[in-house]
Amino acid sequence: MNKPLADAASLQKPFKQHVIDPETCIRCYTCEEACPIDAITHDDNNVVVDPTGCDYCMSCIAPCPTGAIDNWRVVMEPYSLDDQFGWDELPEQEDIGPGDTGSSAVEALDEEMERLLNEAHAGAGGKSKPPASASKPSVNLFTLGKPATATVQGNYRLTSETADSDVRHIILDLGDTSFPVLEGQSIGILPPGEDAAGKPFLPRLYSISSPRDGERPQTNNLSLTVKREPMGVCSNYVCDLKKGDRIQVTGPFGATFLMPNDPQANVIMICTGTGSAPFRAFTMRRQRTMPDADGRMILFFGARTPDALPYFGPLKKVPDRVLEKELCFSRATDSDKEYVQDRMRRERARVLTLLKSERTHIFVCGLKGMEEGVDGALAEIAREGAFDWPTLRTQMREEGRYHVETY
Ligand code: NAP
């Protein structure tokens, strides 16, 4: 597989070019970190792949939370880095004439790539599509070179003072700036300062935890759920922000992990810790705009203890009619260790009923490590209903009903 590095003029023609979808990319830069040969880079606008560097090793595919990385174009002349930096959306596959995409070099590459891609997608993640009923998102309106300024409206601790994690609810006021967001999207926050190499810190990405019309209806603000990480540059910056501080934000990002607008859609939400952020937004949206929706919403939410579970109090107050809550704890003193996948198994009958419905969407958000366990639980539950889970998962993903965003 590993072809030698080449300059653009000497690349085999037609050439299968690895490209990143700027609309679904959430600028988390995990692909850039995962690339062993530094073939992925970014400017103020986009994250891009160097056609003369990429050796199709696929190391970047699995870590990508959205599948934006998994895009390919067969071209006679590769798109340059400058071309890619300028994209707002991916160009269509161009017609490259008779034989089209089928030169023997490309075919041989295809076969090997398919094998590697299957390996990379072996887990629960993979290329995803937005729910058919989701609103059209705006993406990348504010960039590294042209960020928006937001003012901190509030910073509240969500976990008890005795809990070993400090998780914050941060409210950002956008003032007069038009910053349209949808439930499920993320924003970047630019921490001030430079890294050890003297480069400005990269923005860190946070899911928006408020609905599109703000913390309260018709307010031009949004909220985030941020956990202080001991050595985290951005999380400490954000968790220490005071009311009135002004900060630089980028985004919005994300065009697939979006709330279905359909009141009949059933939504299974599975999360750990701060991965609950988008599901707070989903729940508030449904409660605000369609409280009598026929579709069910179930939340499987795992944390170490009740006092470490973000939004524990407010969540309990959401009526069961709107949200069926399955909160489970891995280190509570009065109960056995339980992960979200254990609770899903316990509630298998309810999950299976929903899996059988073509109106059911599954969203998974939180720790990367839970993907495998959640996937295993879904496979077991599906088997009881005589479904083959990998087949059903692929079908759901293709229909915009299966979404994973884990880091
Ligand atoms: P956390 O407090 O470290 O963990 C939450 C719970 O998950 C704990 O009960 C933990 O149990 C359990 N857990 C650990 N391994 C698990 C596994 N393999 N399967 C199932 N459950 C498991 O969570 P966190 O630090 O808040 O992390 C949340 C993650 O979400 C982060 O990786 C973050 O990057 C990601 N995320 C955050 C946002 C956001 O907007 N803030 C958005 C999307 C994703 P034990 O510790 O007892 O093992």
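Just so you know, ligand 1 is whichever comes first in the structure, and atom 1 is the first atom listed for that ligand.
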Would [X] and [Y] pass as an ion pair if we require N to O under 4.0 Å?
| X | Y | result |
| --- | --- | --- |
| Arg350 | Glu324 | yes |
| Asp342 | Lys337 | no |
| Arg168 | Asp166 | yes |
| Asp213 | Arg288 | yes |
| Glu384 | Arg348 | yes |
| Glu183 | Arg212 | yes |
| Glu380 | Arg345 | yes |
| Asp292 | Arg321 | yes |

Among Gln341, Arg228, Arg304, Arg331, whose heavy atom sits nearest atom 20 (C) of ligand 1?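 Shortest heavy-atom distance from atom 20 (C) of ligand 1: Gln341.
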Just going by heavy-atom distances, which of Ala308, Ser209, Ser330, Cys28 is nearest to atom 11 (O) of ligand 1?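 Looking at heavy atoms only, Ser330 sits closest to atom 11 (O) of ligand 1.
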Please list the nearest protein heavy atom to [atom] with its residue and the distance rounded to 0.1 Å.
| atom | result |
| --- | --- |
| atom 15 (N) of ligand 1 | Tyr339 OH, 3.7 Å |
| atom 36 (N) of ligand 1 | Tyr407 CD1, 3.6 Å |
| atom 18 (N) of ligand 1 | Gly369 O, 3.1 Å |
| atom 27 (O) of ligand 1 | Leu367 CD2, 3.4 Å |
| atom 23 (O) of ligand 1 | Gly273 CA, 3.9 Å |
| atom 42 (C) of ligand 1 | Ser207 OG, 3.0 Å |
| atom 35 (C) of ligand 1 | Gly366 O, 3.6 Å |

Would you say [X] contacts ligand 1, with heavy atoms under 4.0 Å as the rule?
| X | result |
| --- | --- |
| Ser165 | no |
| Ala303 | yes |
| Thr225 | yes |

Taking distance alone, with no angle check, do [X] and ligand 1 share an N/O pair under 3.5 Å?
| X | value |
| --- | --- |
| Lys368 | no |
| Thr274 | yes |
| Tyr206 | no |
| Lys227 | yes |

Looking only at the side chains, is there a donor atom on one of Gln248 and Thr149 sitting less than 3.5 Å from an acceptor on the other?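 The answer is yes; a qualifying pair exists.
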